[in-house]
*Asks:* 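Quick one: the structure is below, questions incoming.
Positions are given from 1 along the sequence.
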Amino acid sequence: MWMMAAQFEIRQKNLKAARQVLGNAIGMAPKDKIFKKYIEIELQLGNFNRCQTLYEKYLEWAPANCYAWSNFAELERSLGETERARAIFELAIAQPALDMPELLWKAYIDFEIAEGEPDRTRQLYERLLDRTKHLKVWISYAMFEATSGIEEETNEIEMQDEALIEQRLLRSRGVFERAFDYFRTSAPEQKEERAMLLEEWLNMESKFGSIGDVSLVQKKLPRKVKRKRAIVTEDSTPAGYEEYYDYIFPDEVAMAPNLKILEAAYKWKKQKVDDED
């Protein structure tokens, strides 16, 4: 109803009345679409101060709304207010609850990349990794390092500056190595994620041509095997078997003999204790 009334006033070219309707709507029955429509109108009219005020009210009402935070920051950036945009992003990621935090963090990272701030971008990735070790974050971080600064250079300079290219490679490789170590030691059950990480790492090394080292990754690649596992219903009734793929990593194969020795030693000790009893 509020939207229909505001649109009617706009068609009548009565902007003051439309603002009054939308203002009353925000005060009495705030909704996302009302804020968005009101901001859209003021943007078209170039009333940026009103837009800023509306975004502030929007976020007072919905502090978890990542859409509002991102668009508010983008508005400030479009006005050349870089520090204000950065402050808005900082306020946003400090919220105790967010509806789409991954999109907000991506928007913040993209903002710093667009501003030509590689060090700030790295700091953001590190802060994000303190919150989540998701595979996509690791890969995005590594890809950023592999391509950092390319936009500002021509292909000719890029071809000549081998030292800069090698620096990109080493930074990206460093992120991949950290990620691989995390999945290997802290999340060994996430085998598929570790395999996907290695595929991305392998592609990165190959893109760097002669200075890349695909053999570094190839020796870590897993063997993919098909297995079967039992299926049970919610009441623990057997329901047959299903096929799935498992990944056998070289380090697991290398550890297997040691595990067998430890298992045999345990059985021997247990048997000795039983005999003594």
Side-chain angles (χ1 to χ4, degrees), residues 1-125 127-128 136-137 140 143-144 147-154:
M1 183 180 71
W2 294 105
M3 293 293 293
M4 291 175 64
Q7 289 169 352
F8 170 78
E9 296 295 352
I10 291 170
R11 287 195 296 271
Q12 301 302 312
K13 301 186 185 301
N14 192 344
L15 185 59
K16 183 178 179 181
R19 280 179 173 147
Q20 186 174 3
V21 170
L22 291 170
N24 289 337
I26 288 173
M28 298 173 65
K31 291 183 179 179
D32 280 314
K33 63 181 181 181
I34 294 174
F35 277 108
K36 290 177 182 179
K37 185 62 178 179
Y38 200 170
I39 291 169
E40 178 188 334
I41 292 171
E42 298 298 353
L43 274 176
Q44 291 174 348
L45 294 171
N47 295 323
F48 302 120
N49 289 339
R50 285 181 180 270
C51 291
Q52 290 167 329
T53 301
L54 285 169
Y55 271 122
E56 288 170 2
K57 291 183 179 297
Y58 193 175
L59 289 164
E60 285 177 9
W61 173 69
N65 191 314
C66 291
Y67 166 88
W69 284 111
S70 298
N71 281 271
F72 190 9
E74 181 55 36
L75 170 65
E76 295 294 351
R77 180 172 182 262
S78 69
L79 298 175
E81 297 286 350
T82 304
E83 289 305 318
R84 278 179 60 87
R86 187 172 286 127
I88 289 167
F89 275 124
E90 285 294 328
L91 282 172
I93 62 175
Q95 297 303 305
L98 292 166
D99 56 1
M100 293 185 290
E102 67 282 0
L103 297 184
L104 180 65
W105 278 91
K106 183 180 185 305
Y108 194 1
I109 287 169
D110 289 344
F111 162 78
E112 294 294 5
I113 292 174
E115 288 296 314
E117 296 282 357
D119 289 338
R120 287 182 180 272
T121 305
R122 289 186 188 98
Q123 291 170 12
L124 278 178
Y125 272 118
R127 290 167 65 187
L128 182 54
K136 288 184 178 180
V137 177
S140 177
M143 291 300 101
F144 158 72
T147 59
S148 180
I150 285 180
E151 293 81 3
E152 289 79 23
E153 300 170 24
T154 65

*Asks:* In the structure I gave you, are the side-chain heavy atoms of Arg50 and Tyr38 within less than 4.5 Å of one another anywhere?
*Replies:*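 Yes, their side chains come closer than 4.5 Å.
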
*Asks:* From Leu54 CG over to Ile34 CD1, what is the distance, rounded to the nearest 0.5 angstrom?
*Replies:*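 So the CG of Leu54 and the CD1 of Ile34 are separated by 12.0 Å.
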
*Asks:* Please answer whether the main-chain N or O of Cys66 pairs with a side-chain N or O of Ser70 as donor and acceptor at a distance below 3.5 Å.
*Replies:*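 Yes, the answer is positive, given that a donor and an acceptor are paired below the 3.5 Å cut-off.
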
*Asks:* Which word best sums up how the rings of Tyr58 and Tyr55 line up, parallel for under 30°, tilted for 30 to 60°, or perpendicular for over 60°?
*Replies:*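 Because their plane-to-plane angle is under 30°, the rings of Tyr58 and Tyr55 count as parallel.
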
*Asks:* Carefully, step by step, assess Glu40 and Gln44 under the rule side chain to side chain contact (heavy atoms under 4.5 Å, CB included).
*Replies:* CA-CA 6 Å; Glu40 178 188 334; Gln44 291 174 348; 3.5 Å; yes

*Asks:* Any non-hydrogen side-chain atom of Leu59 less than 4.5 Å from a side-chain atom of Phe35?
*Replies:*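 Counting from C-beta outward, Leu59 and Phe35 never come under 4.5 Å.
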
*Asks:* Taking Pro63's backbone N and O only, do any of them form a donor-acceptor pair with Trp69's side chain (distance below 3.5 Å, no angle check)?
*Replies:* yes

*Asks:* So Arg86 and Arg120, do their side chains get closer than 4.5 Å, heavy atoms only?
*Replies:* yes

*Asks:* Could you check whether any side-chain N or O of Ser140 sits under 3.5 Å from a backbone N or O of Val137, counting only pairs where one atom can act as donor and the other as acceptor?
*Replies:*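 No, Ser140 side chain to Val137 backbone: no donor-acceptor pair under 3.5 Å.
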
*Asks:* Would you name the heavy atoms of Leu98 and Gln95 that are closest together and state the gap between them?
*Replies:*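 Minimum heavy-atom separation between Leu98 and Gln95: CD2-CB, 3.8 Å.
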
*Asks:* What's the shortest heavy-atom distance between Tyr67 and Lys36, and which atoms?
*Replies:* CE2-CE, 3.2 Å

*Asks:* Once rounded to the nearest 0.5 Å, what's the spacing between atom CD of Glu74 and atom CZ of Phe89?
*Replies:* 7.5 Å

*Asks:* Kindly indicate, with the supporting measurements, whether the criterion side chain to side chain contact (heavy atoms under 4.5 Å, CB included) is fulfilled by Glu112 and Gln123.
*Replies:* CA-CA 10 Å; Glu112 294 294 5; Gln123 291 170 12; over 6 Å; no

*Asks:* Do Ile93 and Glu90 have side chains that approach each other closer than 4.5 Å (heavy atoms only, starting at C-beta)?
*Replies:*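 Yes, side chains in contact.
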
*Asks:* Looking at side-chain heavy atoms only, is the closest gap between Gln52 and Arg84 below 4.5 Å?
*Replies:*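 Yes, at least one pair of side-chain atoms sits under 4.5 Å.
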
*Asks:* Just how far is it from atom OH of Tyr108 to atom CD1 of Ile113, taken to the nearest 0.5 Å?
*Replies:* 12.5 Å

*Asks:* Judged by atom type as modelled, is there a donor-acceptor pair below 3.5 Å linking the side chain of Glu76 to the main-chain atoms of Phe72?
*Replies:*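 No, the answer is negative, given that no donor and acceptor are paired below the 3.5 Å cut-off.
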
*Asks:* May I ask you to test the Ile109-Leu128 pair for a side-chain heavy-atom distance under 4.5 Å?
*Replies:* yes

*Asks:* What is the distance from atom OG1 of Thr121 to atom CG of Asp110, rounded to the nearest 0.5 Å?
*Replies:* 9.0 Å

